[in-house]
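Below: the structure, in structure tokens.
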Amino acid sequence: MTITKQKIGFQHVGSFLRPDVLKQARKDFSDKKIDQTALTTVENEAIRDLVNKEINAGLDYVTDGEFRRSYWHLDFFWGFEGIEHIHYGEGYEFAHEETRDDTAILSGKIKFDPETHPFLQHFKFLKLLTDETSAEAKQTIPAPAQLYIELIRGTNADKIKEFYDTDEELFADIEAAYHDAILAFYNEGARVIQLDDCSWGLFLDDKFLNTPDGKAYAESGIQDILLQLNNGAIKDLPDDLTINTHVCRGNYHSDFAFAGGYGPVADTLFANENVSTYFLEYDSSRAGNFEPLAKVSGDKNVVLGLITSKDGKLEDRQVIIARIKEASQFLPLDRLWLSTQCGFASTEEGNTLSENQEWDKLKLVKSIIGEVWG
């Protein structure tokens, strides 16, 4: 369906810096000094405050800041039946540091249960906060492709054959679990759902692609699998539900995981993924040029992530406007929009900027949108 610029609106990718009171409450919960009820009370108050700030900032779509999560992706995976939370023994290797070592592995057949997956209750709370406002509640979840990448990570892959005789059976369950989850969010009032997806970054980074693992990925045809999983999960959904995606190169404590332009995935991701809008990271030279945008098919839109969320320094607005104009050589201006390149806290550690700086970033985004698109 055609998505108007009013439908895209002014929105942030998703996560916000956790306030100190929330960080302390999560630590106290981990140390068994408070119970889940006490933690939820702190989370609820922090989310109420955040939503008020988002609305006051003029955001048309608001999130809960991912305040109840430790990770942007793993917490959602752990909510599925058949997925177990373990410690891998080593974290993800980013450019300058290593993350914590949590991961998700199979412990049975994958299934979404609305009675046990916590994210459904999280969304219900957010929806209540927005029902009497002009803002729309946006739900962010990791993409199906991202779950698959986690399940085949190193020794995690050994668990798959314990529960699935064929890859096709695994793919079918991933697609079904996601489809059920998305419909459950829809039934609670979600009309915009964003699939966050770093899996494509694996194919962009020459340094990674020259490693044995990278060569195996490049030669495996896995891009087609990632596309199948994402498209399979979002087929046959209600017409008034908008599915967008955010494609990132990693965002952990202001560090990144991959570098490289979108060219190697454009023919698959941009041409054939059945989303309405792509939120794309374009805040540095690591993202390459805008030429791959010409592969964005149909009437799909692109939100240019030209404003970095990794540090607090404000961009030069004229430089950003010039870059938007440059991008419009490959995709018409009326199919482009602007946002930050990623969330401000993809994990609870958060990026290295202040809360005031994150709001200044969003103020700049809103101001440039007003100038360029009116």
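The shown structure was predicted, so the numbers you read here are calculated from the model rather than taken from an experiment.
- The pair Arg191-Asp240 meets the salt-bridge criterion, since a charged nitrogen lies less than 4.0 angstrom from a carboxylate oxygen.
- In this structure, the side chains of Phe279 and Thr277 come closer than 4.5 Å at one or more pairs of heavy atoms.
- A ring-centre distance under 6.0 Å is found for Phe16 and Trp359.
- No donor-acceptor contact under 3.5 angstrom links the side chains of Lys215 and Asn210, judged on distance only.
- You'll find the side chain of Tyr148 reaches within 4.5 Å of the side chain of Leu170, heavy atoms only.
- A side-chain donor from one of His253 and Glu97 sits under 3.5 Å from a side-chain acceptor of the other.
- Ring centers of Phe185 and Phe112: at least 6.0 Å apart, outside the cut-off.
- Between Ser328 and Leu333, the closest heavy-atom pair is CB-N, 4.1 Å.
- The hydrophobic cluster containing Phe67 does not contain Phe29, counting ILVMFWY residues as joined when their side-chain heavy atoms lie under 4.5 angstrom apart, directly or transitively.
- A salt bridge is absent between Lys235 and Glu175: the closest approach of a Lys/Arg side-chain nitrogen to an acidic carboxylate oxygen does not fall below 4.0 angstrom.
- In this structure, Glu348 pairs ionically with Arg26, as a charged nitrogen and a carboxylate oxygen lie closer than 4.0 Å.
- Looking at Arg48, Arg68, Arg18, Gln36 one by one, the single match for side-chain hydrogen bond (donor to acceptor under 3.5 Å, both in side chains) with Glu43 turns out to be Arg68.
- A centroid separation of 6.0 Å or more is found between the aromatic rings of Tyr71 and Phe77.
- When the shell of 6.0 Å around CD of Glu132 is examined, it contains 12 or fewer heavy atoms from other residues, nucleotides or ligands.
- Here the side chain of Ser15 pairs a donor or acceptor atom with the backbone of Ala345 at under 3.5 angstrom.
- Listed here is the closest heavy atom pair of Ile234 and Ile243: CG2-CG2, 3.9 Å.
- Considering every non-hydrogen atom in both Gln139 and Arg69, the closest pair reads NE2-NH2, 3.7 Å.
- When hydrophobic clusters are built by joining Ile, Leu, Val, Met, Phe, Trp and Tyr residues whose side-chain heavy atoms come closer than 4.5 Å, directly or via intermediates, Ile324 is grouped together with Tyr278.
- Checked by atom type, the side-chain pair Glu136/Gln11 shows no donor-acceptor distance below 3.5 Å.
- Heavy atoms only, all atoms of each residue included: His87 and Asp101 are closest at ND1-OD1, 2.8 Å.
- In this structure, the side chains of Asn301 and Ile8 come closer than 4.5 Å at one or more pairs of heavy atoms.
- For Phe290 and Phe330, the ring centers are positioned 6.0 Å apart or more.
- When side chains are defined from C-beta on, Thr347 does not count as touching Ser70, because their heavy atoms never get closer than 4.5 Å.
- For Glu281 and Arg286, the salt-bridge test passes: some basic side-chain N is under 4.0 Å from an acidic carboxylate O.
- A ring-centre distance under 6.0 Å is found for Phe80 and Phe76.
- Screening His85, His117, His73 against Trp78 for a ring-ring contact (aromatic ring centres under 6.0 Å, His included) leaves a single residue, His85.
- Following chains of ILVMFWY side-chain contacts shorter than 4.5 Å, one cannot reach Leu74 starting from Ile86, and the two form parts of different hydrophobic clusters.
- Within the 4.5 Å cutoff, the side chain of Phe258 has heavy atoms near those of the Phe208 side chain.
- Connection of Tyr282 to Val296 is established within a shared hydrophobic cluster, with ILVMFWY side chains joined at heavy-atom distances below 4.5 Å, either directly or through further cluster members.
- Between Glu315 and Ile307, the shortest heavy-atom contact is OE1-CG2, 3.4 Å.
- In the hydrophobic clustering of this structure, Leu280 groups with Leu338; members are Ile, Leu, Val, Met, Phe, Trp, Tyr whose side-chain heavy atoms approach within less than 4.5 Å, directly or through other members.
- Between the side chains of Gln194 and Thr245, no donor N or O sits under 3.5 Å from an acceptor N or O.
- Looking only at atom types and distance, the side chain of Ser254 has no donor-acceptor partner in the side chain of Asp311 under 3.5 Å away.
- Counted within 6.0 Å of NZ on Lys33, heavy atoms from surrounding residues, nucleotides or ligands total 12 or fewer; the atom is thus considered open.
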Self-check item: Verdict with supporting geometry, Val51 and Thr63, side-chain contact (heavy atoms from CB on, under 4.5 Å)
Solution: CA-CA 7 Å; Val51 169; Thr63 72; over 6 Å; no
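- Using a 4.5 Å cut-off on side-chain heavy atoms (C-beta onward), Thr308 and Lys361 make contact.
- If you look at Tyr252 and Tyr92, their ring centroids are not closer than 6.0 Å.
- Between Phe203 and Ile222 there is a side-chain heavy-atom pair separated by less than 4.5 Å.
- Remark: Arg335 does not engage Asp299 in a salt bridge, criterion side-chain N to carboxylate O under 4.0 Å.
- Taking a cutoff of 4.0 Å between a charged side-chain nitrogen and a carboxylate oxygen, Asp205 and Lys207 do not qualify as a salt bridge.
- Looking at Leu306 and Gln341, their side chains never come closer than 4.5 Å, going by heavy atoms from C-beta outward.
- When only modelled atom types and interatomic distance are considered, Gln146 and Ser199 share no side-chain donor-acceptor pair under 3.5 Å.
- A donor-acceptor pair shorter than 3.5 Å cannot be found between the side chains of Thr130 and Lys127.
- For the 3.5 Å distance criterion, the side chains of Thr41 and Glu45 fail to qualify, holding no donor opposite an acceptor.
- The minimum heavy-atom distance between Ile182 and Ile141, with the atom names listed, is CG1-CD1, 4.3 Å.
- Under the 3.5 Å distance criterion, with hydrogens and angles disregarded, no donor-acceptor pair is assigned to the side chains of Gln228 and Asp224.
- Within a 6.0 Å radius of CD in Glu169, other residues, nucleotides and ligands contribute more than 12 heavy atoms.
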